Engineer: 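Can you read through this structure? Questions will come right after.
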Amino acid sequence: MSTSKIYWAPASYSETVDWSILYLEPKNLFKSVLQQKQNNLEKNNNLFLCPAVKNLFEKIIVVKCPLTSHYKINSNKVIPTSNNYLSWDVPHKSNIKNSFLFTITLPYIFFSEEDIEMTMTSPFFSNSQHLQYASIVPGTFNISQLIRSVNFEFNIWRGNEFKIDEGEDMVYFNFNCKNNIKLIRFDLNEDLRKIVNVCAESSSWEKFVPLAKRYKRFKQSKLNKKALSIIKRNLI
């Protein structure tokens with residue numbers, strides 16, 4: 001069967017520290033769940049043989065949390081309570097009543113030559129304890145028509161804390177394509193970072209425009225071809 005190539009890279013950047021040490025290789029959801037399969041399953045009641053489940057799970061990759069990170073929320077401020085923790089940001093006030101929004105700054109980048117939409121969601125088929133506190137703010141965009149970093153924004157529904165442990169399924173990325181996917185990692189160099197930043201910050205210099213217009217600008221400026229050329233020169 002043909003495969004669709006998904007290029008990915010850690011997007012966390014510092015002039016003095018290479019934070020890619022915190023980035024775990026994303027895993028295929030179907031293979032991950034397959035490791036938990038019980039023995040002697042009946043053929044008629046086997047989700048691993050169900051085409052609807054298998055076709056979906058094979059298009060989803062799982063990002064696991066690399067570091068146990070516990071936080072308290074006090075007067076709209078985030079206070080870490082674990083010995084170690086991932087960095088965070090509070091980009092803006094939550095748009096939902098009686099909730100709090102904050103971002104764990106572990107950004108990823110995905111890109112494809114093919115016309116593929118990617119959807120980010122909470123890990124809906126994982127036994128992840130952080131789901132009792134919060135959900136990922138979901139989103140969908142075409143990773144062949146825009147290249148930008150994706151941060152993990154969490155909306156805390158209740159209470160004043162958020163806990164996520166090392167190895168816990170953190171987020172799902174679902175790729176809407178016919179083929180199975182093949183992940184290929186690349187190194188994010190400075191030239192590519194400039195393209196990523198202008199795409200990510202497009203709402204600051206062109207406000208309230210639909211994604212379709214941003215896709216059109218990206219293609220007309222030939223940044224899609226430039227980005228792909230840089231990626232292919234920096235494969236790992």
Side-chain angles (χ1 to χ4, degrees), residues 1-29 31 58-64 66 91 103-121 138-153 170-207 209-236:
M1 184 177 181
S2 300
T3 58
S4 295
K5 296 178 181 178
I6 307 294
Y7 300 101
W8 76 278
S12 187
Y13 175 72
S14 165
E15 293 183 355
T16 58
V17 181
D18 183 359
W19 287 113
S20 62
I21 195 170
L22 288 175
Y23 285 75
L24 304 176
E25 185 85 17
K27 301 297 183 182
N28 178 277
L29 178 60
K31 291 180 180 178
E58 286 183 335
K59 309 299 189 301
I60 294 175
I61 64 170
V62 184
V63 171
K64 292 183 178 292
T103 297
I104 287 182
T105 52
L106 194 73
Y108 279 72
I109 290 176
F110 298 94
F111 194 71
S112 174
E113 296 179 67
E114 299 178 39
D115 186 19
I116 296 177
E117 283 199 334
M118 180 188 76
T119 299
M120 179 176 66
T121 68
T140 298
F141 71 96
N142 192 305
I143 60 170
S144 70
Q145 300 191 49
L146 199 67
I147 183 168
R148 53 162 299 175
S149 57
V150 182
N151 258 317
F152 301 158
E153 278 191 351
M170 194 173 192
V171 62
Y172 287 174
F173 289 103
N174 182 5
F175 299 93
N176 186 12
C177 55
K178 294 181 179 179
N179 302 325
N180 289 338
I181 59 176
K182 179 181 179 182
L183 294 176
I184 303 173
R185 183 170 169 176
F186 66 92
D187 184 47
L188 181 65
N189 67 9
E190 191 59 35
D191 289 337
L192 190 56
R193 191 179 303 279
K194 292 175 183 178
I195 300 175
V196 169
N197 287 343
V198 77
C199 291
E201 297 172 8
S202 59
S203 60
S204 65
W205 51 265
E206 189 174 33
K207 301 179 184 297
V209 297
L211 273 174
K213 186 172 182 178
R214 299 182 191 183
Y215 294 161
K216 186 176 180 180
R217 284 195 184 279
F218 187 64
K219 187 175 181 179
Q220 287 180 334
S221 63
K222 300 287 195 283
L223 284 181
N224 58 333
K225 294 183 177 181
K226 185 176 181 179
L228 183 61
S229 176
I230 296 172
I231 287 172
K232 288 188 173 181
R233 294 197 305 268
N234 290 275
L235 299 181
I236 297 176

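Bear in mind the structure is a predicted one, so any value in this text is a computation, not a measurement.
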Engineer: Measuring from atom NZ of K59 to atom CD1 of I6, what distance do you get when rounded to the nearest 0.5 angstrom?
Structural biologist: 11.0 Å
Engineer: Are F186 and F111 close enough that their ring centers fall under 6.0 Å?
Structural biologist: no
Engineer: Show the nearest heavy-atom pair for residues S2 and N179, with the distance to one decimal.
Structural biologist: O-CB, 3.2 Å
Engineer: For N174 and T121: C-alpha separation, side-chain torsions, deciding distance, then whether side-chain contact (heavy atoms from CB on, under 4.5 Å) applies.
Structural biologist: CA-CA 8 Å; N174 182 5; T121 68; over 6 Å; no
Engineer: State, to 0.1 Å, how close V150 and M120 come at their nearest heavy-atom pair, and which atoms those are.
Structural biologist: CG1-SD, 3.4 Å
Engineer: Please round to the nearest 0.5 Å and tell me the distance separating atom CD of E190 and atom CD1 of I230.
Structural biologist: 10.5 Å
Engineer: Mind checking side chain to side chain donor-acceptor pair (under 3.5 Å) for S221 and listing every partner two or more places apart, or none if nothing turns up?
Structural biologist: none
Engineer: Would you compute the distance between atom CG of N189 and atom CG of N234 and round it to the nearest 0.5 angstrom?
Structural biologist: 4.5 Å
Engineer: Sequence neighbours excluded, which residues qualify as side chain to side chain donor-acceptor pair (under 3.5 Å) partners of R193?
Structural biologist: none
Engineer: In terms of side-chain geometry, is the basic nitrogen of K178 or E114 positioned less than 4.0 Å from the acidic oxygen of its partner?
Structural biologist: no
Engineer: So I109 and L192, side-chain contact (heavy atoms from CB on, under 4.5 Å) or not? Walk me through it.
Structural biologist: CA-CA 11 Å; I109 290 176; L192 190 56; over 6 Å; no
Engineer: Could you tell me whether a side-chain N or O of Y7 sits under 3.5 Å from a main-chain N or O of I231, the two making a donor and an acceptor?
Structural biologist: no
Engineer: Indicate the ring-plane relationship of Y108 and W8, choosing parallel, tilted or perpendicular according to the 30° and 60° boundaries.
Structural biologist: parallel
Engineer: With a 3.5 Å distance limit and no angle check, can you tell me whether Y23 reaches the backbone of P66 through a side-chain donor-acceptor pair?
Structural biologist: no
Engineer: Walk me through whether F218 and I195 qualify under side-chain contact (heavy atoms from CB on, under 4.5 Å).
Structural biologist: CA-CA 10 Å; F218 187 64; I195 300 175; 4.1 Å; yes
Engineer: Quick check for you: to the nearest 0.5 Å, what is the distance between L106 atom CG and F152 atom CZ?
Structural biologist: 5.5 Å
Engineer: Please determine whether side-chain contact (heavy atoms from CB on, under 4.5 Å) holds for the pair S12 and L22, giving the CA-CA distance in whole Å, both sets of side-chain angles, and the decisive distance to 0.1 Å.
Structural biologist: CA-CA 9 Å; S12 187; L22 288 175; over 6 Å; no
Engineer: With a 4.5 Å limit on heavy-atom distance, are the side chains of R148 and F141 in contact?
Structural biologist: yes
Engineer: Enter the distance from L188:CG to S149:OG here, rounded to the nearest 0.5 Å.
Structural biologist: 9.0 Å
Engineer: If we ignore hydrogens and angles and just use 3.5 Å, is the side chain of N142 paired with the main-chain N or O of S144 as donor and acceptor?
Structural biologist: yes
Engineer: If you count every heavy atom of other residues, nucleotides or ligands that lies below 6.0 Å from I236 atom CD1, does the total exceed 12?
Structural biologist: yes
Engineer: Does some side-chain heavy atom of D115 sit less than 4.5 Å from a side-chain heavy atom of Q145?
Structural biologist: yes
Engineer: Testing the basics here: between P26 and L183, what is the closest heavy-atom pair and its distance to 0.1 Å?
Structural biologist: O-CD1, 3.7 Å
Engineer: State whether the side chain of N28 and the backbone N or O of E58 hold a donor-acceptor pair below 3.5 Å, judged by distance alone.
Structural biologist: yes
Engineer: Quick check for you: to the nearest 0.5 Å, what is the distance between Y172 atom OH and I61 atom CD1?
Structural biologist: 12.0 Å
Engineer: Can you confirm whether K232 sits close enough to E113 that some side-chain heavy atom of one is under 4.5 Å from a side-chain heavy atom of the other?
Structural biologist: yes
Engineer: Hey, which of R233, K225, K226 is the one that makes side-chain hydrogen bond (donor to acceptor under 3.5 Å, both in side chains) with S229?
Structural biologist: R233
Engineer: Which pair of non-hydrogen atoms, one from I143 and one from M118, has the smallest distance, and what is that distance?
Structural biologist: CG2-CB, 3.7 Å
Engineer: Of the non-hydrogen atoms in E153 and T103, which two are nearest, and what is the gap between them?
Structural biologist: CG-OG1, 3.1 Å
